[in-house]
Amino acid sequence: MCGIVGYVGSKNAQSILLEGLHRLEYRGYDSAGIVTFQDGDACLLRVKGKVAGLDSLVNDSHRDDSIGIGHTRWATHGEPSERNAHPHNVGDIFLVHNGIIENYKDLKSVLETRGYSFVSETDTEVLTALVDSIYQQDKNLFAAVSEALHMVVGAYGIAVVAKDNMDEVVVARSGSPLVIGVGEGETFIASDPSALVGNTNQVIFLKDGEVAKCTRDGVTVKDSADQAVEPIVETIEMDIQAMQKKGFDHFLVKEIFDQPESLSATLAGRVVKDQDLLRLGGLNMSEEELRAVKHIFIVACGTASYASMMASYYIERFADDVVIDTVVASELRYRSFNVPENSLAIFVSQSGETADTIACLKEMKQRGVRCLGVVNAVGSTIAREVDGGIYIHAGAEISVASTKGFTSQVVALVLFGLVMAQAKGMSIEDVRPYIDELDALPEEIAAVLDTKNEEVKQLAADYSQYEHAFYIGRDILYPLALEGALKLKETSYIHVEGQPAGELKHGSIALIDDRFFEVAFVMDNELFEKSMSNIIEVQARGGHVIVVTNSSREIEAERVVRIESRLKMFTPLLFNVVSQLFAYYVAVNRGNDVDQPRNLAKSVTVE
Ligand code: M6R
């Protein structure tokens, strides 16, 4: 949520900052700004709206500026506007900030008594003034930032420059990510390593509570107790290809079409069909420890929570001595929940930076629970804080709506379940059908993309004008209905609800009339007839039903999308591809900003 960039070196800071902000824009996009300097002369550019608005403001007179910071914002305090955009400037200090300063009102009152006045509605301007008030005492930026942060309650990732110090960008983090890129005679700063690609692959991931001074010659880090820390420089592999649209109109559709490849990467080396082998390298759990597991909390938000729920339906089928609690992180963190003996907690997050999920991870660690991560972003906070886990290796996911992340999360969790079940005695005969289907899944997804794209595009054209919809499914298709509904609502702004098909008649069916369409997921199994009854109930009330099914049986519905596949267990992930394409094309038809839907941001690093 919000993106930060910074630079100190000898090159054109404006173009480096703008390039970084364009890459980070998926994190927040309601306003943006940069400030660069030459000999203390500041060039502050801020706009309401997207980073593109800054491109036209850049002027030749600041081409030689070689230090600066920038920001793309997702508003927390104060409406999106130029006045509330970052960087904020108070006195000598310019500052950009991700996160929330909870005690900003108290700090503001104190600062007002010292003569500071404020022009924006933001907590960030207060923090800027706080740093300035300390900086004025002895003009030591590193010390001033550290001291100010000792007075702050909340979450932050910040980058700070003083206009009379053209050699330093000071950065800090607590609960909001920050990474420093180390170059030759230059140092880069970003809230996400994707902004550094092409500049350097040598990075320092700042830890919570650390403050760093970044200069042209290197980086000095200290911890929250003001003790010097030796920074660890790591090499990161990032694929610039994954950050480009590869000829697609939007990242969303590119990422939907990425799935055969991204899922193959999730499976690579983990499912070895010709050896009947499943293996997961990073769990850091012995067979005995896996055998002992009796209770699993799977903790996540949004799409990741639906992926977790779907995976739990699978795992329950073969790990019958384990109880699984799939919980939404923002709820769990304030619940007074019990942790049964032999519990394990798994944190599922594409970004690895979701604040609510991280808060639950901290709580579980404090209670002594072993914690695993299922994460996409390498080096992210969750990936670094867990005891072990599984990288899903889906590649950069840029579109705000998560698609390939979901598919790989489900599969990674099922893999974990199978590895655990094998440790508990599941026979290879029982595991083999899963290995066969998982191995075939990327190709099966490719076939759906190939054969169904045009049909779904037309379907979307026919239903784009509706304002209300239900997604329904039974059993494992219920989490799919929730995910389908989320995908459609966040991209199209249609009012959509996901429901268990059997639950409609307990209240929600009262809503249905011919202004609604319903997407019903139906498997050709023992629940087929029951699902049909639910569909008939909806149609009897005027609802327009679209059925997505793998059945060749006769179905009476307004539209039927049939998926032909030899898969039995993982067909829901094929249905999901139809659902993703449908959401995409509806959003395009409605003229929406597909990759950056209104009010959203890619990773939710605030509560
Ligand atoms: O990065 P995470 O997987 O932790 O993100 C969780 C949710 O914020 C995310 O899935 C969100 O719901 C997306 N907008 C869904 O498309």
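Indexing begins at 1, ligand by ligand and atom by atom, following the structure's order.
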Among protein heavy atoms, which sits nearest to atom 6 (C) of ligand 1, and what does the distance come to when rounded to 0.1 Å?
Cys301 O, 3.3 Å
With a 4.0 Å cut-off on heavy atoms, is Glu353 touching ligand 1?
no
Compare Thr303, Val348, Thr354 and give the one whose heavy atom is closest to atom 2 (P) of ligand 1.
Thr354
Nearest protein heavy-atom contact for atom 1 (O) of ligand 1: which residue, which atom, what distance?
Ser351 OG, 2.6 Å
So if I count the atoms of ligand 1 from 1 in the order they appear, which ones are less than 4.0 Å from some heavy atom of Ala401?
16 (O)
Knowing that exactly one of Ile298, Ile346, Leu344 qualifies, which makes a side-chain contact (heavy atoms from CB on, under 4.5 Å) with Ile324?
Ile298
At less than 4.0 angstrom from any non-hydrogen atom of Glu490, what atoms of ligand 1 do you find?
13 (C), 14 (N), 15 (C), 16 (O)
Test side chain to side chain contact (heavy atoms under 4.5 Å, CB included) on Met310 and Phe406 and set out the steps.
CA-CA 10 Å; Met310 182 181 267; Phe406 175 89; 4.1 Å; yes
Relative to the heavy atoms of Ser402, which atoms of ligand 1 are at a distance of less than 4.0 Å?
15 (C), 16 (O)
Looking only at non-hydrogen atoms, which of Gln350, Lys487, Lys489, Gln409 approaches atom 3 (O) of ligand 1 most closely?
Gln350
May I ask you to identify the nearest protein heavy atom to atom 8 (O) of ligand 1, giving residue, atom name and distance to one decimal place in Å?
Val604 CG2, 4.0 Å
Ile472 side chain near Val519 side chain, heavy-atom distance below 4.5 Å:
no
List the steps, then state whether side chain to side chain contact (heavy atoms under 4.5 Å, CB included) holds for Met420 with Val322.
CA-CA 10 Å; Met420 178 187 68; Val322 178; 3.9 Å; yes
Are Val400 and ligand 1 in contact, using a heavy-atom cut-off of under 4.0 Å?
yes
Should you measure from each heavy atom of Ala304, which atoms of ligand 1 turn up under 4.0 Å away?
3 (O), 10 (O)
Can you check whether Tyr104's main-chain N or O pairs, donor with acceptor, with Asp123's side chain at less than 3.5 Å?
no
I'd like to know if Arg317 and Asp475 make a salt bridge, using a cut-off of under 4.0 Å between side-chain N and carboxylate O.
yes
Full working for salt bridge (Lys or Arg N to Asp or Glu O under 4.0 Å) between Arg590 and Glu467
CA-CA 11 Å; Arg590 290 168 73 98; Glu467 291 302 332; 3.0 Å; yes
Is the distance from the ring center of Phe257 to that of Phe248 below 6.0 Å?
yes
